[in-house]
Protein chains: 2
Amino acid sequence: MIGPADIEASTQPATDAGLAFRRHDHSNCCGGLIARADELAAERGLKLTPVRRRALEILLEEHRALGAYEVLERLAGEGFGNKPPVAYRALDFLVENGMAHRIARLNAFMACMHPGDDHTPMVMICRACRSVAEAPAEPVAAAVAESAASAGFAVEGTVVEALGLCSACRARGEV
Amino acid sequence: MIGPADIEASTQPATDAGLAFRRHDHSNCCGGLIARADELAAERGLKLTPVRRRALEILLEEHRALGAYEVLERLAGEGFGNKPPVAYRALDFLVENGMAHRIARLNAFMACMHPGDDHTPMVMICRACRSVAEAPAEPVAAAVAESAASAGFAVEGTVVEALGLCSACRARGEV
DNA sequence: TCTTGACTGTTACATTATAACATATGATAT
DNA sequence: ATATCATATGTTATAATGTAACAGTCAAGA
């Protein structure tokens with residue numbers, strides 16, 4: 001379900017609008033993912049309340065990793081609370097339920113592009129344009145599990161983040 | 001060079017002294033790693049100055065992940081500066097030169113147990129005892145590189161952290 | 001000797017995160 | 001209907017983590 005076009009699209013920063021959304025219909029992708037989140041919530045008996053839903057929409061609209069305080073600022077501007085716990089709680093809910101990811105290296109959050117598929121995410125962080133994209137990580141997760149197993153360690157979750165240059169920045173001649 | 005004993009040893013929290021160092025001679029392992037750091041510095045023309053050296057010793061003595069402010073507190077207690085940049089600069093130096101690792105998930109630092117071997121580290125973080133251990137990560141790094149390559153992403157560094165239960169805690173019946 | 005560059009230290013501040021408690025809301029049992 | 005309870009939201013206050021910018025120090029080379 002995750003093809004090269006998805007990856008390409010999500011490696012683009014939202015600010016570079018001309019290029020960023022050339023390869024997908026953004027409002028569709030957002031709507032689809034919100035709909036998917038609703039489904040998941042229904043299936044699992046979770047409450048995708050207004051703040052939580054709006055926080056997810058904000059992440060989807062930006063299509064990049066946002067700090068908790070950036071999300072908070074927008075939520076506050078829309079009539080929700082303007083204190084840190086408001087954002088952190090909504091984001092924690094989304095992360096716990098696989099609708100968003102926390103990028104440890106950036107202390108930031110991004111929407112998950114395929115929620116529900118139980119996946120250990122791997123994210124790629126471009127040092128030039130700061131964009132963040134998910135990549136398939138099943139082989140990575142397997143390798144992590146195997147290495148951990150030989151140390152007797154039981155893996156319950158992983159943080160896998162690659163730092164480097166995205167294809168767009170390389171094409172643009174970044175070094 | 002990295003055997004099960006190394007991993008076992010480093011999964012033990014330093015506070016649990018009775019068990020923690022049963023399987024290795026701690027002062028030897030520290031001394032050896034400091035000596036190795038000196039070698040590396042000499043080879044590469046780096047300056048392992050007193051603060052830097054002491055910061056590394058502190059990480060080695062504790063044998064666990066320490067926050068920058070914990071390291072700072074000790075440095076300050078020994079006559080070095082007591083302002084955050086003192087610790088951050090020493091730690092950054094150690095990380096940049098492969099003598100220590102930054103644990104993104106914990107915002108903490110630990111000594112590298114095999115500096116000089118050019119490795120992409122993978123660390124295992126026990127949620128029960130909070131101990132942190134390194135594990136061999138070549139297969140993981142390969143999987144990350146491959147996944148990234150198919151998205152056209154050039155990997156320059158990775159963050160690979162497994163969260164779960166260490167062998168000691170499992171043996172102790174933790175759930 | 002004198003400059004230069006790297007290192008150390010400081011001030012001051014920015015950013016990220018959480019504990020604890022008050023208020024509101026919705027589901028459930030009576 | 002309404003009392004109750006769990007969950008969610010909002011606030012105050014503060015903790016924890018991290019950095020920019022500049023001043024002083026010191027050793028190595030011109």
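Below, read A as the first sequence line, B as the second, and so on, with proteins coming before strands; counting in each chain starts at 1. What you see is a predicted model, and the numbers here were worked out from it, not measured in a lab.
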_As a test of reading the structure: which of dT16(C), dT11(D), dT8(C) is closest to the side chain of Val51(B), going by heavy atoms?_
dT8(C)
*How long is the line joining CG of Leu106(A) and P of dG18(D), in whole Å?*
13 Å
*Between Ile103(B) and Val132(B), is any pair of side-chain heavy atoms under 4.5 Å apart?*
yes
*5'-most by nearest nucleotide on DNA chain D - Ala68(B) or Lys47(B)*: Ala68(B)
*CZ of Arg53(A) versus P of dA8(D): gap in Å, rounded?*
17 Å
_Under 4.0 Å between a side-chain nitrogen and a carboxylate oxygen: does that hold for Glu62(A) and Arg74(A)?_
yes
*Hey, is Phe80(A) doing a stacking thing with dT9(D), by the 5.5 Å centroid and 30° angle criteria?*
no
*Looking only at heavy atoms, what is the nearest atom pair of Leu59(B) and Met110(B), with distance?*
CD1-C, 3.9 Å
*Arg53(A) bridged to Glu57(A) by N-O distance under 4.0 Å*: yes
*Closest to side chain of Val86(A), choosing from dG9(C), dT11(D), dA17(C)*: dT11(D)
*Expressed in angstrom and rounded to an integer, what is the separation of Phe93(A) atom CZ from dT9(D) atom C1'?*
14 Å
*Measure from the side-chain heavy atoms of Tyr69(A) and tell me the nearest of dT16(C), dC7(C), dT12(D).*
dT16(C)
*How close or far is atom P of dT12(D) from atom CZ of Arg89(A), stated in whole angstroms?*
13 Å
*Which nucleotide, dT11(D), dG18(D), dT9(D), lies nearest any side-chain atom of Tyr88(B)?*
dG18(D)
*Atom CZ of Arg54(B) and atom P of dT8(C): how far apart are they, to the nearest Å?*
15 Å
_Separation of dT18(C) P from Leu72(A) CG (nearest whole Å)_ = 14 Å
*Cation over ring, Arg102(B) on Phe109(B), under 6.0 Å and within 45°?*
no
_Would you say Arg52(B) places a side-chain N or O within less than 4.0 Å of OP1 or OP2 belonging to dT8(C)?_
yes
*Using a cut-off of 4.0 Å on non-hydrogen atoms, how would the nucleic acid contact of Arg102(A) be classed: base, sugar-phosphate, or nothing?*
sugar-phosphate
*In terms of side-chain heavy atoms of Asn107(A), which of dT16(C), dT11(C), dT7(D) is nearest?*
dT16(C)
_What's the closest nucleotide to the side chain of Thr49(B) if the choices are dT11(D), dT8(C), dT18(C)?_
dT8(C)
*Nearest-nucleotide wise, let me know which of Phe109(B) and Pro85(A) is further upstream toward the 5' end of DNA chain D.*
Pro85(A)
*Using whole Å, report how far CG of Leu75(A) lies from P of dA8(D).*
17 Å
*Gap between atoms CZ and C1', on Arg105(A) and dG18(D) respectively (whole Å)*: 13 Å
